[in-house]
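These figures come from a predicted structure and were not determined experimentally. Here is the naming used below: chain letters follow the sequence lines, and residue numbers restart at 1 for every chain.
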There are 2 protein chains.
Amino acid sequence: MSDSRQTAKTTSSGRGQVSGSGPGDNGLDAIYRSISEAIIEHRLKPGARLREDALADVFGVSRTGIRKVLQRLALEQLVTLTPRRGASVTRPSVDEARDVFEARLLVECAMMDAAAKRITEEDIQELQEMAKQEREALRNREQRIAIKLSAIFHARLAEISGNRTLAGFVGQLASRSSLILAVYGNAGHLGCESHDHDNLIDFLAAGDGAKASDFMERHLKSIEASLSIFEEPEETPDLWDIFAVDA
Amino acid sequence: MSDSRQTAKTTSSGRGQVSGSGPGDNGLDAIYRSISEAIIEHRLKPGARLREDALADVFGVSRTGIRKVLQRLALEQLVTLTPRRGASVTRPSVDEARDVFEARLLVECAMMDAAAKRITEEDIQELQEMAKQEREALRNREQRIAIKLSAIFHARLAEISGNRTLAGFVGQLASRSSLILAVYGNAGHLGCESHDHDNLIDFLAAGDGAKASDFMERHLKSIEASLSIFEEPEETPDLWDIFAVDA
DNA sequence: TCGGCCACCATTGTATACGCTCTTTGTGCA
DNA sequence: TGCACAAAGAGCGTATACAATGGTGGCCGA
């Protein structure tokens with residue numbers, strides 16, 4: 001209605017550009033990454049509603065494409081699709097949070113052995129570069145960037161092990177972990193300590209999968225332990241949130 | 001496939017074919033399950049093309065709904081969506097097959113411990129009933145049904161462990177395994193031996209997670225070993241299939 | 001004043017129409 | 001006879017239009 005023309009061509013705010021009629025779902029993929037990144041970086045917080053019209057307007061496409069992206073995000077559990085209510089950023093439940101970290105503990109630790117065997121010099125350098133960026137982001141108080149980089153780091157680590165199926169699964173778990181951090185994390189205490197990732201790289205570079213696995217276990221457990229996972233009263237949650245938020 | 005055309009569009013604008021007012025994706029979910037089941041049962045074989053128009057006609061909905069279902073199936077790796085070529089049942093690659101079984105080995109074995117602790121009397125009876133049905137299907141030479149039941153069995157087993165995230169993952173892996181069986185399996189040698197599942201239930205009923213895990217490991221490895229995993233020439237597969245088809 | 005009811009509106013669900021790309025087939029030339 | 005190019009056809013990608021449903025706000029009655 002209000003979209004006179006597709007003004008998303010040269011928007012200054014958004015960086016993911018959709019060049020009008022992109023062949024295939026190329027343009028849609030950019031939108032997907034854009035929204036996904038926004039969720040992982042906590043620019044879109046759990047519970048935030050995602051109206052199709054608004055997104056269509058922002059990205060300069062019709063609702064059809066937005067629906068496609070939203071469904072993909074819903075299948076990855078990043079957004080929740082309520083039948084006649086629309087889409088919103090998923091607010092992970094306590095059980096969900098526990099399940100995700102349990103799954104990460106199981107899968108990521110077990111993958112360290114293969115990763116230690118298959119890791120190459122290039123991989124090591126790439127991971128070190130990522131860890132460095134993450135440290136810098138932390139130093140600059142850019143927690144959003146740091147969280148995103150941490151998720152990418154874990155996903156990349158999983159890729160090195162050589163199993164694409166498991167790597168994709170870990171990637172999803174890492175993304176969901178970011179949501180869990182947004183809900184149950186304490187401000188000022190980020191999930192991953194940057195030194196942890198550096199240590200992890202060292203163990204892998206030394207080819208010691210067992211130590212890497214042990215360290216990964218402690219790493220993930222420390223993240224989970226830093227969370228405040230408890231059921232909130234849920235009676236009048238919105239009111240409490242409203243008065244407690246604004247941080 | 002022989003009994004196609006069950007309800008061929010009673011009316012062009014008919015709205016009663018999806019059991020009345022299907023709000024949300026209720027009707028779509030039925031379509032999803034229908035196609036998914038057909039793939040898992042090998043009624044739709046790997047490589048089979050899934051034209052949107054045809055499916056829309058068969059299920060009495062428009063292409064919009066079919067596209068939604070197809071995308072979900074694509075994200076679960078059951079169908080492959082080629083940009084301008086449409087959808088087809090995924091033909092798992094050799095690497096994919098190895099990855100899937102490696103993932104199953106890792107996850108399913110590790111879940112046995114929790115399953116042994118949490119399993120209830122009702123679960124045991126349900127699993128036994130499923131194993132029984134599977135045996136009967138095998139006895140009746142209904143391999144399609146047996147394969148489907150086997151996949152459901154493994155997925156149900158994963159659910160018992162209490163981790164929904166992992167259970168969902170195992171469910172996907174089991175479905176993909178059915179595809180792998182269709183491509184690399186030897187005729188006459190089904191994936192899961194029915195007695196294996198019975199033994200598994202016994203171990204779990206006895207609360208012995210370690211033995212169950214060991215047995216699951218052997219079980220999965222024997223399935224994988226029974227496959228003929230090697231690259232096929234892939235020159236003119238369709239023609240060969242057509243002439244090799246029963247009728 | 002509070003609770004229930006009704007109407008309007010906002011938003012999603014579904015269908016249809018149109019354009020584009022890829023495939024296939026037929027024909028001409030080397 | 002084999003290959004290359006072109007035209008026709010089929011099928012998918014996207015946008016738009018219509019319909020249905022749930023929420024919101026106001027109104028009326030107790």
Charged N to carboxylate O under 4.0 angstrom, Arg33(B) versus Glu37(B)? no
Check ion pair Arg164(A)-Glu96(B) (N to O, under 4.0 angstrom): no
Any luck finding a side-chain donor-acceptor pair between [X] and [Y] under 3.5 Å?
X         : Y         : value
Thr80(A)  : Thr90(A)  : yes
Glu76(A)  : Tyr32(A)  : yes
Arg118(A) : Ser161(A) : no
Ser228(B) : Asn186(B) : yes

Using atom CG of Leu81(A) as one end and atom C1' of dT12(C) as the other, report the distance to the nearest whole Å. 10 Å
Within this structure, what is the CD1-to-C1' distance between Ile66(B) and dA15(C), rounded to whole angstrom? 13 Å
Below 4.0 Å: OP1/OP2 of dG13(D) and any side-chain N or O of Lys68(A): no
Ser62(A) side-chain N/O to dA15(D) phosphate OP1/OP2 under 4.0 Å: yes
What protein N or O atoms touch nucleotides 8-12 of chain D N or O atoms at under 3.5 angstrom, if any, and at what distances?
unit_1	atom_1	unit_2	atom_2	d
dG11(D)	OP1	Arg51(B)	NH1	3.3
dC12(D)	O3'	Pro83(B)	O	3.2

